[in-house]
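Read the structure below first, then the notes.
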Amino acid sequence: MENLLYIALFAPLVGSLFAALFGMTPKNLITGFVTSGLLFISWLASVLLLIHVLSHGTVSANMMEWIGAGDLTIDFGFAVDAITAVMMVVVTTVSTVVHIYSIGYMDHDKGFNRFFSYLSAFVFSMMILVMSDNFAGLFIGWEGVGVCSWLLIGFWYHKADVGTDVNPSISPSWAANEAFIMNRIADLGMLVGIFLIYWNVGSLNYNVFFDAIPSLDNGLLTSIGIALFIGAMGKSAQFPLHTWLADAMEGPTPVSALIHAATMVTAGVYLVIRANPLYDAIPNVAIFIAYLGTFVAIFAASMALVNRDLKRIIAYSTLSQLGYMFAAAGLGAYWVALFHLAAHAFFKALLFLGAGNVMHAMHDELDIFKMGGLKKVMGGTYLYMGLASLALAGIFPLAGFFSKDTILEVAINEDTYIIWFTLWVTAGLTAFYSFRQVFLTFSGNERYKEIGAHPHEMPTFVLVAMAPLAILAVIFGFFMEPFNEFVTTILPSYEMSHETHHIAWFFIIITTLIALSGIFYAYKKYASGLIRDKELESSFVYRLLTNQYYIPALYNNVIAKPYKEISDMLWNKVDMKIVDTTVDGIAHFFFNNGDRTRRMQSGNLSHYLNWMGFGAVALMLFAVIASMIG
Amino acid sequence: MDNILSILIFFPAFAGVLGFIVDKNSARAYGISVASIEFLLAVWLWMSFDGSNGSMQFVEMLPLVPDFGISYYLGVDGISLFIVVMATLMILLGMIGMSIEKDIKNMIISLLFLEMTMVGVFLALDAVIFYLFWELSLVPMLYIIGAWGGPKRVYASIKFFLYTFIGSLIMLVGMLFLAYLYHDVTGTWSFAITDWYALVLPIETQIWLFIAFFFGFAIKVPMFPFHTWLPYAHGQAPTIGSVILAAVLLKMGTYGFIRFSLPILPDASVYMITPVAILALIMVVYTAMIAYAQKDMKQVIAYSSVSHMGIIMLGVFAMNSEGISGSIFLMLSHGVVSGALFMLVGVIYDRRHTKMMSEFGGLASIMPKYAVIFGIMLMASVGLPLTIGFVGEFLVLLGFYNISPIMTIIAGSTIILGAVYMLSLYKKTFFGEVTNDENKGLKDLNSREMYSLVPLVLIVVWLGVYPKPILEPIDNSVKSLVSFMDKKAQTQEAKDIIVSPKKEEGK
């Protein structure tokens, strides 16, 4: 079984290195095929491992020692248990689809080979992240996905910076740097968590740490829990570290489908799920996570309501759905969080890939106000995006219905009515903005004609490649019970109380109702065409939402600009004027004094005698004074 | 080869003298051959070194002035071994990559003399010999900056010389006083560092001595506020000068702390943790900000060197094996990475004769190989896991966390601030549109440049994934150092802070 584990882990790396060999040569289809093939192998190995874990339990492997210093030993150790197996299958499923899809999508791109190299490297990092059996290994993957996302967001690095009024993300390279730096801020928190664990437990291994939890002080556990969660906030783009995710849409769309829907952004959720013994021991932190997640759910959904950028709408919805996952995990329903993570990965990746089709058809135009009526030319994409949006909105019998509904049920079961109500309202908002986007893109008048676009459907193989995600988005919900049984071999099980069970049907109905009314409202407003409401668009709330609550502007004015100004000042004023001038001043002092006293060396004997006499008197005077003082 | 250490020290100097009779046109080939042999000798030393043994090996001892206990005393342990290997490697690769044509023969000879002094500093176990090489190292460097440097080279080289020289004089006073104290206690003279280790001194004396040594080492490191000579030196020095300066010469300072201050003055070292750490934190944060404000690529790397040296200083004063081993590993990784970054800046300077970032932009599409290697070094510089930069930085921060969580968090900002200035440098230089016509026809790396840079890339990845062959011998020597300090420390405070490893050396 160890071999399967290594195949699943290293196949993407081999693919990445292979594609890298062609990195500087013109497009070569072989890189696409080889990386996709290796990804498929990795997927196969992951599925086989999942089946093995199902019957035989955890598979673990220790490759070699990585870092050893003092009493610290870190191994390249891997363990595949139920959680990891699920993550592996989700990651490789979406990755394989995205790889195949990209062969079509990146067809005309000069950086075709480079793209596949980065993409596979990303999958490799993600596999390390989920497969490691210790926090240091997790951190390797954690930083690895950060770098790969930096490369992928900034893939079209040649684009120049433009003002935020033209493009809120400024440029791909700017967005890439923002994402990397934001994530690094959070990673510092994660490092602190790692240090705390090491100095108090003596090992970074998950099991050693989790076993030691009962014997650790509660204050310490709280610190560790907060530090690790700060790390999770960065990767999962939770408030206030959320701004990078929307800007990251500058990357090619398959990247968004892979990284910003299914994998990297769920790493934070994975960490909280993985560290469930820790968060079970510190309910205060856990409930904070739940509330923060709930807040982010509605906060992000509100920004999606008014946005005109196809990809940004989906990005906000991802943010919002991550909030749902954190809410579930924070409330102790870890398996529900994991289930929503998997379901969301499938339908959200599908949604992003559909958006990619639209972008391709519209020659990279993303403004949904300039689309409309695309269903006539892009029937397949319309079907996929409609399906994915229905799943996202939580309509029976699609995957999102089961997972989202269970989260709401958990909120009821825990008597956290604020969380329930907020998430319930968010469900309505989600349905509205999803279908606002679907209708504005695919229905109504054909506004794209005004900008002279000639949309066309993607090649058939691309649509076929997307099919697995569509099928999973439809049927995955029905696997909820077996899924529950499987992952709760590792995760704590979560049982609804009898009362919740009795009234569950009522909540299912009202949740479905709010989702349906969201869709209906979107249909009424946008299905027949776009009628712009100038008064609404100039209202304060509308502008607040389109400007993302002015948070990016705030960060720019309060952090980025002052940092630059202070840095300039430190350099010009402090380092050059004060520190260095003092040093030179001391040197000048000696030089000038030396220069002046040089005149004493006049060569005139009587001058020398004078100085000698003066010196003798001074010495005697010094001796007298010294003896008097004692 | 019993005298391998002597051979390592004097072979380059001997070859340097012979270099005067070598023809000018073959001077480069001659230099590269000598440096290769020297590097192979260093590798041979490494291969025959017993990594599980933490004490001094290949010791050579020849009394010079027996009446004063001055002897020609050499030895190598895990702490110095890899710095020597790294120094010889960087000289070799620096020579291969060197583009200087003017007075090439003199340059080669200067480099070979410099190599002698550097190797000598790290192998000397007698304070007088150590001091001799320490001061001698200034001369070839002064010459390299002063003769091949930029327009303000004379100011920069004199500043470099006088500044570090003054620091060393204060250190010399400390050394003489220490020898005097040794004579006072034992009745015999000795300048052997290992003899001084046995000396148990009153706390107050230790603090005075610590301060004297501190000036010598801190200016070399260079610690804030003694760092301003460095940007001038880097700004004016030719590429090869900057490479050697950053990769090796700065490490003499931090090495000095580990070789002298910690074992001879353990109580004072513990006592001084807070002031030293505060200076180190200022180095980390303040110079990272200054690096961000720079407009010249080379100055960004120069200031980033200071910032990273701050992390190394913290590791030295972590007082546990994790931190100290980490800081020695970081010395090596910083040597490799900053050396490579200076070479990379040299590459573009050779082509455009400017280092201003505003002159560039979009280079990634014109010089892809260059961009890839620069990118890898950038990631190593910001401490990405599985590159060489992570291991040391992680261990240092981990180690220092035991001293002060708050200070570690402030120092940890290096992973953010480092990313800020490096990524903004990369964005300004490599990303965006090619706006400057002069950049459109730039040639990508030629084979000479590839030969000097690719080995460094391989090292960056190899030691990032599998640091054990180097980390283990370092750690064994550090473990015996820390255990020794713990035993020797007199105050309870020092004993509490110094953490003896539970696992003994060699396992």
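Note: hydrogens, waters and symmetry copies are ignored here, and every other heavy atom, side chains too, is used. So that the names make sense, note that chain A is the first sequence line, chain B the second, and so on, each numbered from 1.
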Pair B:Tyr426-A:Ser173, side-chain contact (heavy atoms from CB on, under 4.5 Å): steps then yes or no: CA-CA 10 Å; B:Tyr426 202 76; A:Ser173 55; over 6 Å; no
Looking at chain A, which one of [options] has the largest number of heavy-atom pairs inside 4.5 Å, strictly under?
options                                : answer
B:Phe430, B:Trp229, B:Phe226, B:Tyr303 : B:Tyr303
B:Ile324, B:Leu162, B:Leu386           : B:Leu386
B:Pro225, B:Ser365, B:Pro231, B:Gly362 : B:Ser365
B:Gly432, B:Pro405, B:Pro467           : B:Gly432

Side chain to side chain donor-acceptor pair (under 3.5 Å) partners of A:Asp568, counting only residues at least two apart: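 Side chain to side chain donor-acceptor pair (under 3.5 Å) list for A:Asp568, sorted by chain: empty.
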Donor-acceptor check, side chain of [X] to backbone of [Y], threshold 3.5 angstrom: yes or no?
X        : Y        : result
A:Trp571 : B:Thr287 : no
B:Glu472 : A:Gly68  : no
A:Asn177 : B:Leu423 : yes

Heavy-atom proximity to chain A below 4.5 Å, by part of B:Tyr155: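 Contact with chain A is through the side chain of B:Tyr155 alone.
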Side-chain donor-acceptor contact under 3.5 Å, B:Asn402 with A:Tyr198: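 Looking only at side-chain atoms, A:Tyr198 and B:Asn402 do not form any donor-acceptor pair under 3.5 Å.
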Parallel, tilted or perpendicular: rings of B:Phe431 and A:Trp150 (30°, 60°):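 Plane angle between 30° and 60°, so tilted.
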Test item: [X] and [Y] side chains (from C-beta on) under 4.5 Å apart, heavy atoms:
X        : Y        : result
A:Asp584 : B:Lys159 : yes
B:Ile415 : A:Glu143 : no
A:Arg184 : B:Val382 : yes
A:Met24  : B:Lys369 : yes

Near-ring test A:Tyr563/B:Tyr292, centroid separation under 6.0 angstrom: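 So the answer is yes for these two rings.
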Engaged part of A:Phe139 at the chain B interface, taking heavy atoms whose separation is under 4.5 Å: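 Contact with chain B involves both backbone and side-chain atoms of A:Phe139.
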